[in-house]
Amino acid sequence: QVQLVESGGGLVQAGGSLRLSCAASGIIFSINAMNWYRQAPGKQRELVAAITSSGSTNYADSVKGRFTISRDNAKRTVFLQMDMLKPEDTAVYYCNAHYSTDYWGQGTQVTVHS
């Protein structure tokens, strides 16, 4: 009964901000690496941001300096703060948990318009 429940997606003007949240259940949250992926129509899924169980982070070059991933183990939640959004950030964003296996959220739409 693993669940990754996402929230925070929506429609935003270029230059604006959104914060995505992913609440996890059914896993030992603290030992899982948590990741955000995105997929635009007609394109492959790509890793946007990652955070390890110890809190180390990594970002795709395209979002570095604009996006911040964080986790709150007590709340069993991972966040993606997205600032200075661009139209090319438009995609479905997926939460992923990884330890020995992978689990995925349902995806949440982020649309950035000018």
Side-chain angles (χ1 to χ4, degrees):
Q1 196 174 322
V2 174
Q3 285 194 97
L4 303 178
V5 181
E6 301 166 344
S7 61
L11 179 67
V12 66
Q13 188 170 279
S17 298
L18 286 172
R19 190 176 81 155
L20 306 183
S21 299
C22 173
S25 61
I27 62 170
I28 305 174
F29 183 83
S30 61
I31 68 172
N32 275 259
M34 300 298 298
N35 310 291
W36 287 98
Y37 288 79
R38 69 186 182 189
Q39 187 168 24
K43 297 185 179 180
Q44 291 189 333
R45 183 181 58 187
E46 65 173 340
L47 179 64
V48 177
I51 185 166
T52 70
S53 60
S54 61
S56 298
T57 60
N58 203 1
Y59 300 91
D61 288 342
S62 60
V63 307
K64 198 169 297 180
R66 299 188 298 119
F67 290 11
T68 304
I69 188 170
S70 61
R71 66 191 296 159
D72 186 332
N73 287 347
K75 296 180 179 178
R76 302 175 58 83
T77 302
V78 63
F79 304 94
L80 185 67
Q81 178 67 42
M82 305 186 294
D83 298 318
M84 298 178 287
L85 282 161
K86 304 174 180 180
E88 50 262 47
D89 295 318
T90 295
V92 177
Y93 284 71
Y94 296 93
C95 178
N96 164 264
H98 175 75
Y99 183 61
S100 59
T101 57
D102 285 285
Y103 298 99
W104 296 88
Q106 79 286 352
T108 185
Q109 178 70 47
V110 171
T111 302
V112 185
H113 67 93
S114 58

Derivation and outcome, side chain to side chain contact (heavy atoms under 4.5 Å, CB included), residues I69 and W36: CA-CA 8 Å; I69 188 170; W36 287 98; 3.6 Å; yes

message: Does R66 qualify as a cation-pi partner of Y59, given the criterion of NZ or CZ under 6.0 Å from the six-membered ring centre and within 45 degrees of its axis?
response: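 So R66 doesn't make the cation-pi contact.
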
- prompt: Is it the case that R45 places NZ or CZ above or below the six-membered ring of Y37, under 6.0 angstrom from the centre and within 45 degrees of the axis?
  reply: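 R45 over Y37 ring: yes.
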
- prompt: Can you list every disulfide bond (SG atoms under 2.5 Å apart) pair that touches residues 16-114, not counting sequence neighbours?
  reply: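 Found C22-C95.
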
message: Testing the 3.5 Å rule here: is there a donor-acceptor pair between the side chains of Q109 and T111?
response: yes

message: Looking only at side-chain N and O atoms, does T77 offer a donor or acceptor that is under 3.5 Å from a partner on D72?
response: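 Short answer, no.
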
Is any side-chain heavy atom of [X] less than 4.5 Å from a side-chain heavy atom of [Y]?
X	Y	answer
R38	D89	yes
M34	F29	yes
R19	F79	yes
V112	Q13	no
T68	L80	no
L85	L18	yes

When clusters are formed by joining ILVMFWY residues with side-chain heavy atoms under 4.5 Å apart, either directly or through shared neighbours, do [X] and [Y] land in the same one?
X	Y	answer
Y94	I27	no
I28	Y99	yes
V92	F67	no

- prompt: Could you go step by step and tell me if L20 and M82 meet the side chain to side chain contact (heavy atoms under 4.5 Å, CB included) rule?
  reply: CA-CA 8 Å; L20 306 183; M82 305 186 294; 3.8 Å; yes

Locate the shortest heavy-atom distance separating [X] from [Y]; write the atom from each residue and the value.
X	Y	answer
S53	S30	CB-O, 3.2 Å
G26	V2	O-CG2, 3.5 Å
G9	V110	CA-CG2, 4.2 Å
Q81	S17	NE2-CB, 4.1 Å
P87	A14	CD-CB, 4.1 Å

Reported [atom1]-to-[atom2] distance for the pair [X] and [Y], which is rounded to 0.5 angstrom:
X	Y	atom1	atom2	result
I51	S70	CD1	OG	6.5 Å
N35	H98	CG	NE2	8.0 Å
L4	N32	CG	CG	9.0 Å
L47	N58	CG	CG	7.5 Å

message: With a 6.0 Å cut-off (strictly less than), is the heavy-atom count around CD of Q44, excluding the residue itself, greater than 12?
response: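 Atom CD in Q44 is not packed in, count stays at 12 or less.
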
- prompt: Can any side-chain N or O of R76 pair as donor or acceptor with the backbone N or O of A23 at less than 3.5 Å?
  reply: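 Checked: no pair found.
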
- request: Return yes if some donor-acceptor pair links the side-chain N/O of N96 with the main-chain N/O of Y103 below 3.5 Å, else return no.
  value: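 Yes, the answer is positive, given that a donor and an acceptor are paired below the 3.5 Å cut-off.
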
